[in-house]
Amino acid sequence: LFHPIANSANYPGNYSVFQHRNTLYIKGKVVPNTYATLYDMTGKPIIRSRLEVSLLNEVTLPPVAQGIYLLRIYQEGKSVVIKLPLRQTK
């Protein structure tokens with residue numbers, strides 16, 4: 001059973017984000033041409049992924065250290081930034 005590590009209730013799509021090992025699960029309404037970009041706290045992009053039109057998307061993470069990261073979800077000319085506490089991946 002996974003528990004969300006972050007939510008975005010104030011944005012269309014109402015995203016929830018879960019982490020299991022080296023995978024992020026992004027739950028929420030996704031339309032065509034939606035992208036998710038993960039940034040470290042210095043603003044350096046770690047990974048960019050095009051999301052599928054689905055209620056649940058999986059994004060495989062590269063090796064990252066434990067810490068706080070920012071996930072930007074961009075769709076239909078708008079974006080939301082979600083603060084994520086991630087566990088270390090290998």
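The two residues Pro32 and Val53 have their closest heavy-atom pair at N-CG2, 3.6 Å. When all heavy atoms of Gln19 and Arg87 are compared, the closest pair comes out as OE1-N, 2.8 Å.
With Tyr69 contributing its side chain and Ile82 its backbone, the two residues share no donor-acceptor pair below 3.5 Å. Listed for the Gln75 side chain is no donor-acceptor partner under 3.5 Å among the backbone atoms of Gly77. A donor-acceptor pair under 3.5 Å is formed between the side chain of Thr89 and the backbone N or O of Val64.
With Arg50 as the partner, the side-chain hydrogen bond (donor to acceptor under 3.5 Å, both in side chains) test is satisfied by one option alone out of Asn33, Thr34, Asn57: Asn33.
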Q. How far apart are the C-alpha atoms of Val59 and Leu38, what are their side-chain angles, what is the distance that settles it, and do they pass the side-chain contact (heavy atoms from CB on, under 4.5 Å) test?
A. CA-CA 10 Å; Val59 175; Leu38 184 68; over 6 Å; no
**Q.** Lys83 vs Leu70, side-chain contact (heavy atoms from CB on, under 4.5 Å): CA-CA, chis, key distance, verdict
**A.** CA-CA 5 Å; Lys83 190 171 163 181; Leu70 300 175; 4.2 Å; yes
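Looking at heavy atoms from C-beta onward, Leu86 lies in side-chain contact with Leu24 at the 4.5 angstrom threshold. For the pair Tyr74/Arg72, a side-chain contact is recorded, criterion being any heavy-atom separation below 4.5 Å from C-beta on.
If you take OG on Ser49 and CG on Leu61, they are separated by 10.0 Å, rounding to the nearest 0.5 Å. Between the OH atom of Tyr15 and the CG atom of Leu55 there is a distance of 10.5 Å, given to the nearest 0.5 Å.
Partners of Thr23 under the side chain to side chain contact (heavy atoms under 4.5 Å, CB included) rule, at least two apart in sequence or in another chain, are Tyr25, Glu58.
Taken together through direct or relayed side-chain contacts under 4.5 Å among Ile, Leu, Val, Met, Phe, Trp and Tyr, Ile68 and Val17 form parts of separate hydrophobic clusters. Note on Leu71 and Ile46: same hydrophobic cluster, where clusters join Ile, Leu, Val, Met, Phe, Trp and Tyr whose side-chain heavy atoms are under 4.5 Å apart, directly or indirectly.
Relative to the ring axis of Tyr35, Arg48 places its NZ or CZ within 45° and under 6.0 Å from the centre.
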